[in-house]
**Student:** 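Quick one: the structure is below, and I'll ask about it shortly.
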Amino acid sequence: MSQGYLILKLRTAFNQLAVNKCKIKIDTSNGTTVYEKTTGLEVGGMTQPIPLEAPDLNESLNPHFSGTPYSVYTAAVSADGYYRSIINNIQIFGDNTAILPVDMIPLPVTVPSPDAAPPLNYLIPPHHLTYTQNETIKKIPDSKANLNPVQERKADKIMSDDIVKPAIQILEGVYIPEKIVVHLGAPSSNAENYTVSFTDYIKNVASSEIYPTWPKSSLQANIIAQISLALNRIYTEWYRSRGYNFDITSSTAYDQYFVKGRNVFDSISSEVDEVFNVYIKRPFSTAPYYAEYCSGTTVTCPGMSQWGTVSLANEGYSFDEIIKYYYGNVELVASRNLRAITSSYPGTPLSIGSKGDNVRLIQSQLNRIAINYPIIPFTPTDGVFGEMTDKAVRAFQKLFLTSVDGIVGKSTWYKISYVYVSVKRLAELSSEGQRPAYTEYAYPGFVLKLNSKGIEVQQIQFYLSKINLVNPNVLTTVVDGFFGRGTENSVKSFQRNYNLTEDGIVGKITWLSIVNVYLGAVKNLDVPNSPFTLRPYPGTPLRVGSTGDDVRHVQAMINLINTIFVPIKSLKEDGGFGALTKASVMEFQKIYNYIADGIVSRQTWNRLTSTYNEVASKCIFSDRTCVGTKSYAGTPLKRGSAGNEVRYIQARLKLIYQYLPIIGEVEIDSIFGAQTEKTVMSIQRLFGLVPDGIVGQTTFNLINYIYCASDYGCLSKPSASGISVISEADLPVSTDPDEEPETSAEWEDIQESNQ
């Protein structure tokens, strides 16, 4: 016997939010408990690697071995507020680490505890390579659907003896999707649809169809073939063009092997992260190639032999040479058109010493992710890859990748970008501004079905779209107030997953069930406070006498900003711009040295937007210390004091002034004079302390907090023109006071930077 390892990752909301407090029990196939923990997990919802017995490594490298080259275990997972999960037949290989992502689904609000609901049971079937000896595999390529098997094989038998290493090129036409919908059965079967991220889908397929112990180039060749096959289905819309509401099936007779709830392997996971956007295509063709493959031992096919790739790898073939060997004159293409990715990999790894806008972008994205994952330290958004950025990158890699080196290469770059987009979207679930204008959850009194219209349809669409964020079994839908086929499919998927009659009709029982599940998701997810959807400037200044939703929006932003900046008085959110609203706007304008006229111009609107975001992120008072932070020495500093402690405070106040001009600038001269006293009084007044101009322990700590918040990118500088620069994504809002975004997409880019 050998030893393998298992890491459990308990996450919810498509793997973007950790669940830390839980109970885990792992049993062998004969029921012996080998691991039990009830006091919680490591930070980030992960266990440490758990050692488990497994067969000898060589058994998984022998194509003629007739037994099972892995051990199986069962894991039971329970956490307050979530359904229990029981995962059977987890596969453990010798000298390899298995990763079990457990998708935690929030309980409906009326279910008091996990024990009050039936558990979610997952049965992982045997690995595909262990039972293909009795199976006839016939994948059906889209371009040959009308051919008989003999014609099909001849059509695909295009081989070449000219083995030339294909060059990777960049195309725009084929995109890498954020998510893929998998039908868990044959196309016409009454099976469920399951939504999963594209990279997680490929990791699942690869872990189901090849052994993780195989050589690196063998793993890469197989993974790229699997990517190509999946992208072919998506690019050609093979199923959706035929009226199906999914992208691909889990049936090997049609597509490739996907097992809901199965564990994946770290060796496979790391390779997928490197090549997830690389696919195969024929010369002069745009579509990804339908890369047929099979085991190559008891089952053969005209495409790639999976076991054959092992032999070629052992002979020294690279992954691209293996692909060329089996598929002939093909090209490898790396798509840079990635959905849910904010920007393309710059092409050069970033590490300590790197500088520039790409570093600044990664820093700002890591700071946003850190709100959801506090194990990631905040890093200055200064465009310099220093020690703090290195620590943040390493912490991120530990949570989301298998290789921890502090280097932002391709896999780390894209993973940071993907998680960044995902956590911002997740924050919408608990955000008031993302909720519909109505707050009534009661059944409207009439049935909603195909072709229904109105606000009630929009309301149920909203609930379903938010439930999809935490339950991938429920299909999302467009919130447009029209009950089309997409909404009907979403309703059916909900009904199927919550044991209701699957008719696609929203009657009273379905309505109440949807609301119940939605409220449970909001209640049970520990989502940090985050901004609601921020509106573009309405085009006309708001002033005394203005009324409506835009005024109410300003009042709501001011009321949150008031929780940090005390001189700004709270307001009644009534949509009426009166004297009190004007006074609060004037106090806000003074903070940034704007003209304090009480009018919400474009300049003031944009600054309100970014300040609201900074306050809502809870980043300003995050209990983190930054580089060079000192502790209070024990003696108050006041007018007449001098020395290094005064110099320390002056240096910090000078930086804070760049972000909050109201406090006034100080000279760093180590002498506590009138100007230093005035600046101290200003910062005390701004944050609600007694403005005595004395730096005691409370004021000393406050200055440290605000300095670190500025240094970490939790505050943004007002630009010279008065238009705020958003620190979150480090992207400027328009500096032209008369310029509006030209398109909705252009506004979305600005809005993204504000969230």
Side-chain angles (χ1 to χ4, degrees), residues 62-66 125-161 163 166 185-187 202 204-211 214-215 217-233 236 238-239 248-259 268 279-282 285 287-315 317 319-332:
N62 181 3
H64 305 294
F65 178 68
S66 59
H127 194 282
H128 198 246
L129 289 178
T130 66
Y131 71 88
T132 55
Q133 60 267 27
N134 296 319
E135 180 186 18
T136 301
I137 300 178
K138 186 176 80 67
K139 292 180 170 39
I140 304 175
D142 54 346
S143 60
K144 308 163 196 152
N146 296 321
L147 302 182
N148 62 46
V150 174
Q151 292 172 321
E152 182 179 309
R153 290 179 184 277
K154 287 181 179 179
D156 208 17
K157 188 74 171 177
I158 306 174
M159 302 297 290
S160 171
D161 295 327
I163 301 177
I202 297 298
N204 186 299
V205 167
S207 296
S208 300
E209 295 205 341
I210 55 179
Y211 289 154
W214 287 0
S217 60
S218 170
L219 295 178
Q220 291 176 325
N222 279 276
I223 289 168
I224 291 172
Q226 292 157 353
I227 292 170
S228 299
L229 192 153
L231 290 180
N232 177 277
R233 287 299 194 224
T236 61
W238 173 247
Y239 290 109
I248 201 165
T249 74
S250 65
S251 170
T252 57
Y254 297 87
D255 301 301
Q256 46 199 3
Y257 196 37
F258 176 89
V259 178
I268 287 174
Y279 62 92
I280 307 167
K281 81 172 191 68
R282 290 290 189 197
S285 172
Y289 180 57
Y290 191 97
E292 187 178 7
Y293 58 86
C294 54
S295 68
T297 51
T298 55
V299 178
T300 59
C301 62
M304 178 184 287
S305 163
Q306 293 171 309
W307 275 109
T309 66
V310 178
S311 299
L312 292 176
N314 289 333
E315 292 176 22
Y317 280 65
F319 73 90
D320 46 3
E321 291 171 335
I322 293 173
I323 290 171
K324 182 74 172 183
Y325 179 89
Y326 285 110
Y327 297 120
N329 185 26
V330 295
E331 299 171 350
L332 294 184

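Numbers here are sequence positions counted from 1. In this text, all values refer to a predicted model and were calculated from it rather than measured experimentally.
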**Student:** Once you round to the nearest 0.5 Å, how far does CD1 of I224 lie from CE of M304?
**Tutor:**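 Those atoms lie 8.5 Å apart.
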**Student:** About how many Å separate NE2 of H128 and CD1 of I210, when rounded to the nearest 0.5 Å?
**Tutor:**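 Going from CD1 on I210 over to NE2 on H128, the span is 12.5 Å.
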**Student:** Classify the ring geometry of Y211 against H127: parallel below 30°, tilted from 30° to 60°, perpendicular beyond 60°.
**Tutor:** tilted
**Student:** Could you grab the distance from atom CD1 of I323 to atom CG of N222, nearest 0.5 Å is fine?
**Tutor:** 9.0 Å
**Student:** Tell me whether D255 contacts the main-chain N or O of S250 through its side chain, where contact means a donor paired with an acceptor under 3.5 Å.
**Tutor:** no
**Student:** Is N204 reaching over with its side chain to a backbone N or O of V259, donor-acceptor style, under 3.5 angstrom?
**Tutor:** yes
**Student:** How about Y257 and P125: do any of their side-chain heavy atoms sit closer than 4.5 Å?
**Tutor:**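 Y257 reaches P125 side chain to side chain.
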**Student:** With side chains defined as the heavy atoms from C-beta onward, is the minimum distance between Y239 and T249 less than 4.5 Å?
**Tutor:** yes
**Student:** Closest approach of A230 and I248, non-hydrogen atoms and distance?
**Tutor:**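 So the two residues come closest at CA-CD1, 3.9 Å.
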**Student:** What are the two closest heavy atoms between I322 and A221, and how far apart are they?
**Tutor:** CG2-CB, 3.7 Å
**Student:** Flag the pair S305 / Y326 as yes when at least one side-chain heavy-atom distance between them is below 4.5 Å, and no otherwise.
**Tutor:** yes
**Student:** Got a donor-acceptor contact below 3.5 angstrom from the Q226 side chain to the Q256 backbone?
**Tutor:** no
**Student:** Return the minimal non-hydrogen interatomic distance between I268 and S207, and the atom names on each side.
**Tutor:**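 Heavy-atom minimum between the residues: CD1-CA, 3.7 Å.
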**Student:** Can you tell me how far apart CD (E331) and OH (Y279) are? Round to the nearest 0.5 Å.
**Tutor:**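 That separation rounds to 10.0 Å.
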**Student:** Write down the atom of Y327, the atom of E292, and the distance for their closest heavy-atom approach.
**Tutor:**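 Distance-wise, the nearest heavy atoms are OH-O, 2.7 Å.
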**Student:** Contact between T309 and Y293 at the side-chain level, heavy atoms closer than 4.5 Å - yes or no?
**Tutor:** no
**Student:** Quick one: pull up NZ in K281 and CG in L332 and give me the separation to the nearest 0.5 Å.
**Tutor:** 10.5 Å
**Student:** For S228 versus A291, what's the shortest heavy-atom pair and its separation?
**Tutor:** CB-CB, 4.3 Å
**Student:** Is there side-chain contact between Y290 and W238, with at least one heavy-atom pair below 4.5 Å?
**Tutor:** no
**Student:** Does the side chain of P215 reach to within under 4.5 Å of the side chain of V310, using non-hydrogen atoms?
**Tutor:** yes
**Student:** How far apart are the closest heavy atoms of Y325 and Y317, and which atoms are they?
**Tutor:**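 Taking Y325 first and Y317 second, the nearest heavy atoms are CD1-CE2, 4.3 Å.
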**Student:** Evaluate the side-chain proximity of L129 to Q306: yes if any heavy-atom separation is below 4.5 Å, no if none is.
**Tutor:**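 Counting from C-beta outward, Q306 and L129 do come under 4.5 Å.
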